[in-house]
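Comments concern the structure below.
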Amino acid sequence: MKKLRKIGILTSGGDAPGMNAFIRAAARTALANEIEAYGVMEGYAGLLAGNFKKISSPTDVSNIISKSGTVLYSARCKEFEQLEYQKKAAQICRDNEIDGMIVCGGDGTFMGATKLSAQGIPTVGVPGTIDADITSTDYTIGFDTAMNTVLEMVDKLRDTCESHARCNVVEVMGRNAGHIALRTGIAVGASAVAIPEIPFDEAGAIENIKKQRAMGKRGIIVIVSEGLPNYAEKLASTIEKETGIITRFCRLAHVQRGGSPSLEDRLTASEMGVAATESLIAGKSDVVICKNDGKICDIDIMKALTLDKLYKGKLSKEEIDVISAEDRVWMDARCKELRSRIEEYYRIANLIK
Ligand code: ADP
Ligand code: F6P
């Protein structure tokens, strides 16, 4: 096995609190193993521009563990989806003697990682997204902090709703997934939670709000996932019209991506950063670091992306048919487990609303 001499680290896609903790851990693990570490600025765009920044010593990544955003910055780079640019990026890595890459982001970033691996640059992915929408892992860096931000914001909204006996419909992020909405909905004591994964009973929710008001409830909170596009604002006006309760709409938006990372995000990002560099050292490539049932593991990126598409119903019958029997058993079990987790949270949200 060829000794690893120099690695590149980049962050890509939407930033997530904890990405800096990941960068720090990945770089320090490299340095501890006498491997040179380079930060690649602004995701794949920076890679194509050869925009590298040497991390010469552990102090170069000091005092970033508590900071949000990403010190390597992030970007979306459409060009990188084309083979021509993937080849160019691999050549830039070779020219700079970078013989391993670690990329932190969401499933788009992993598509880039697998393409870079295919061009001969061993690449490892680390899940960094507030959405927790990567099917192969229970945990993604940033999810916990984003949810805590939602709690903090919605608790404040509840204060004013309580004073004025109003309702507030809050739209939270998550792209097409309702994980942030569902878990924060339970944690803020929402009167209703609407997510894309389960049909929302609007009439039932309005009846419940009327009942709660009749029983003396003043402040009412409804959480809606952005995975139901433009629904939150519409729901707010329907609630006001049907119940007579003054109802405001609030989109929390990008505030959810900021803020000092929580303990859970710092811890998991540190574990994942170490695991990513150690995977490269062990000669692995084209894998994504995951945390399932509390344990760090790595999964083949294509397998992880296939599972993701299977879960999201994006695979054709022909594509499903070529999955090996062994992988199919694992994928079906994983999809079943994730669906039942969502159903159980939804049941709890409704039971104790
Ligand atoms: P995320 O990683 O959070 O899912 P994006 O979907 O925006 O965010 O993807 C981040 C970046 O990953 C893109 O801007 C692009 O550079 C790269 N990427 C996305 N899809 C592909 C693809 N099919 N092939 C190569 N690179 C891709
Ligand atoms: O993937 C993270 C995320 O914040 C999603 O929750 C949201 O849908 C999207 O990124 C917003 O993207 P942008 O930063 O391009 O507005």
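Because the structure is predicted, anything quoted here is derived from the model rather than measured. Start at 1 and go down the list; that is how both ligands and their atoms are numbered.
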Any N or O of [X] that comes nearer than 3.5 Å to an N or O of ligand 1?
| X | answer |
| --- | --- |
| R76 | yes |
| M111 | no |
| K115 | yes |

Main-chain N/O of S316 paired to E319 side chain as donor or acceptor, under 3.5 Å
yes

Close N or O approach (G174, ligand 2; < 3.5 Å):
yes

Pairs of donor and acceptor atoms involving the side chains of residues 191-201, under 3.5 Å and at least two apart or interchain, shall be tabulated with distances.
from: S191; atom 1: OG; to: Q212; atom 2: OE1; distance (Å): 2.7
from: E197; atom 1: OE1; to: G178; atom 2: N; distance (Å): 3.2
from: E197; atom 1: OE2; to: G178; atom 2: N; distance (Å): 2.8
from: D201; atom 1: OD1; to: G204; atom 2: N; distance (Å): 2.9

Ligand 1 atoms in contact with [X] (distance to a heavy atom under 4.0 Å):
| X | value |
| --- | --- |
| T109 | 1 (P), 2 (O), 9 (O), 10 (C), 12 (O) |
| Y44 | 12 (O), 16 (O), 17 (C) |
| G112 | 25 (C), 26 (N), 27 (C) |
| G106 | 1 (P), 2 (O), 3 (O), 4 (O) |

Proximity of Q256 to ligand 2 by residue part, where a heavy atom lies under 4.0 Å
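Answer for Q256: neither.
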
Determine whether any heavy atom of Q86 lies closer than 4.0 Å to an atom of ligand 1.
yes

Determine, using heavy atoms of T129 and all atoms of ligand 1, whether some pair is separated by less than 4.0 Å.
no

Check whether more than 12 heavy atoms from other residues, nucleotides or ligands sit under 6.0 Å from atom NZ of K3, and answer yes or no.
yes

May I ask you to test the [X]-[Y] pair for a side-chain heavy-atom distance under 4.5 Å?
| X | Y | answer |
| --- | --- | --- |
| V124 | T277 | no |
| T11 | Y73 | no |
| L315 | I323 | yes |
| I141 | I130 | no |

Contact partition for E81 relative to ligand 1, non-hydrogen atoms under 4.0 Å:
both

How far is [atom] from its nearest protein heavy atom, and which residue and atom is that?
| atom | value |
| --- | --- |
| atom 10 (O) of ligand 2 | R257 NH1, 3.1 Å |
| atom 14 (O) of ligand 1 | C77 N, 2.6 Å |
| atom 8 (O) of ligand 2 | E226 OE2, 2.6 Å |

Enter the distance from M101:CE to C93:SG here, rounded to the nearest 0.5 Å.
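Here the interatomic distance stands at 5.5 Å.
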
Applying the side-chain contact (heavy atoms from CB on, under 4.5 Å) criterion to L310, which one of D327, D332, T135 satisfies it?
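The passing option is D332.
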
